[in-house]
Amino acid sequence: MASPLRQVGTGANSQSLEEARKRVFHFFREACRSIPQIMETYNLHEVITTSQLRSVVAAQFRKQAHVTNPKVIDMLIIKGDEELRNCLDHSKQRHHILGQYVIAQGGLIPSNVGAVSSGGSDFLQKFYNSNNF
Amino acid sequence: MASASASSALVRVAAAPSWNKKQVVPRFSGLKAVSLGQQRFAFPSFQSSQCTSGALKVVCAAKPETLSKVCDIVKSQLALSDDKPLTPESKFSDLGADSLDTVEIVMALEEEFKISVEEENAGTITTVQEAADLIERLAVKS
């Protein structure tokens with residue numbers, strides 16, 4: 001049940017960095033256009049806004065911004081496309097999306113996702129952050 | 001139709017300078033969009049003669065609320081502080097945006113104004129004013 005928007009395909013064979021760049025932006029636009037459908041499918045309207053999700057997606061792209069080999073870029077796009085397809089086809093579940101994209105960056109901790117009360121001690125929070133404190 | 005071809009010729013003539021002289025002519029391109037929109041209801045020959053007069057006393061065709069919405073989106077996207085001035089002519093790259101930021105801004109505008117921007121159009125947007133003009137043009141079409 002692929003969305004009719006999907007056109008990225010797997011025949012990518014970029015000869016130059018410029019061509020790979022175009023593919024990256026094309027894929028980014030596809031991902032952004034799929035965001036409303038993902039919000040609808042996984043019922044994320046109370047948890048995150050479209051623009052926040054878009055910036056999370058952009059951060060994922062930015063993590064790979066240092067890559068210069070066009071074939072590596074193609075491979076990353078194929079992997080990203082597979083991930084996007086999984087999200088769109090409802091092959092994932094809501095907690096996957098929440099864990100990987102909504103809470104992932106550390107900055108987005110929406111209050112109604114259900115944080116466990118710490119009882120006044122921040123020991124656990126420090127422990128989750130690192131071994132040495 | 002001769003009038004339609006004449007007006008399309010006008011658009012082609014206007015389109016060439018509008019992509020070259022980015023500072024001077026965005027208003028000119030916006031005016032073209034307004035005149036085309038009115039052409040449906042008025043005599044085409046009268047509108048075209050008005051355009052060729054060159055008297056651009058009309059203000060920018062992009063509505064001020066469109067422009068302010070675009071400015072807000074750019075500001076929140078690039079996380080600009082309030083003391084930095086955001087003029088319609090400021091380029092995205094000057095404000096610290098890389099190419100991915102530009103694409104993201106275009107997608108945010110697509111979502112906000114419910115329009116669909118083609119890839120080649122999106123690549124040519126470099127300032128706030130151009131974005132507002134493109135939005136106006138697409139809003140007129142739809």
Side-chain angles (χ1 to χ4, degrees), chain A residues 3-9 12 14 16-40 44-45 48-68 70 73 76-77 80-81 84 88 101 105-108, chain B residues 19 65-82 84 86 91-128 130-135 137-139 141-142:
Chain A
S3 148
L5 278 182
R6 308 303 354 278
Q7 277 173 28
V8 177
S14 310
S16 68
L17 195 54
E18 198 48 47
E19 196 184 334
R21 215 175 137 83
K22 274 202 215 131
R23 277 192 222 270
V24 168
F25 287 143
H26 183 69
F27 174 53
F28 180 68
R29 291 159 70 81
E30 293 294 324
C32 287
R33 290 204 180 109
S34 316
I35 285 179
Q37 186 180 338
I38 288 178
M39 304 261 300
E40 200 57 49
L44 300 172
H45 289 288
I48 194 175
T49 69
T50 306
S51 50
Q52 280 172 331
L53 199 48
R54 198 184 308 121
S55 56
V56 171
V57 171
Q60 304 272 353
F61 275 73
R62 240 176 267 276
K63 268 194 241 179
Q64 311 290 346
H66 53 90
V67 178
T68 53
I73 294 177
L76 289 170
I77 293 178
D81 185 60
L84 178 62
L88 280 173
Y101 298 109
Q105 311 304 318
L108 290 174
Chain B
W19 291 137
E65 59 262 17
T66 308
L67 202 52
S68 74
K69 267 198 216 172
V70 173
C71 283
D72 286 339
I73 287 179
V74 172
K75 220 179 210 178
S76 66
Q77 185 59 48
L78 301 177
L80 299 172
S81 51
D82 278 329
K84 228 172 174 217
L86 187 54
K91 288 179 158 253
F92 294 141
S93 49
D94 292 339
L95 300 166
D98 61 3
S99 49
L100 192 67
D101 277 323
T102 309
V103 179
E104 208 178 333
I105 288 173
V106 171
M107 298 308 295
L109 295 174
E110 265 196 29
E111 184 217 350
E112 172 75 24
F113 293 100
K114 313 269 188 295
I115 55 177
S116 181
V117 180
E118 305 297 317
E119 296 234 16
E120 58 274 359
N121 276 351
T124 53
I125 297 180
T126 51
T127 72
V128 176
E130 277 178 19
D133 289 341
L134 184 66
I135 291 167
R137 244 182 296 153
L138 290 172
K141 263 193 229 166
S142 62

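Just so it is clear, the model here is predicted, and its values are computed rather than measured. To find a chain, count down the sequence lines: A is the first, B the second, and so on, and within it residues start at 1.
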Asker: Under a 4.5 Å heavy-atom cut-off, does chain A meet the side chain of B:S99, its backbone, both or neither?
Answerer: both
Asker: Do you know which of B:E118, B:E104, B:E110 makes salt bridge (charged side-chain N to carboxylate O under 4.0 Å, His left out) with A:R29?
Answerer: B:E110
Asker: Check whether A:R62 gets within reach of chain B through its side chain, its backbone, both or neither, counting any heavy atom under 4.5 Å.
Answerer: both
Asker: Of the backbone (N, CA, C, O) and the side chain (C-beta and beyond), which part of B:E112 lies under 4.5 Å from a heavy atom of chain A, both, or neither?
Answerer: neither
Asker: Counting heavy atoms not belonging to B:E65, are there more than 12 under 6.0 Å from its CD?
Answerer: yes
Asker: So how far is it from B:E111 CD to A:C32 SG, rounded to the nearest 0.5 Å?
Answerer: 9.5 Å
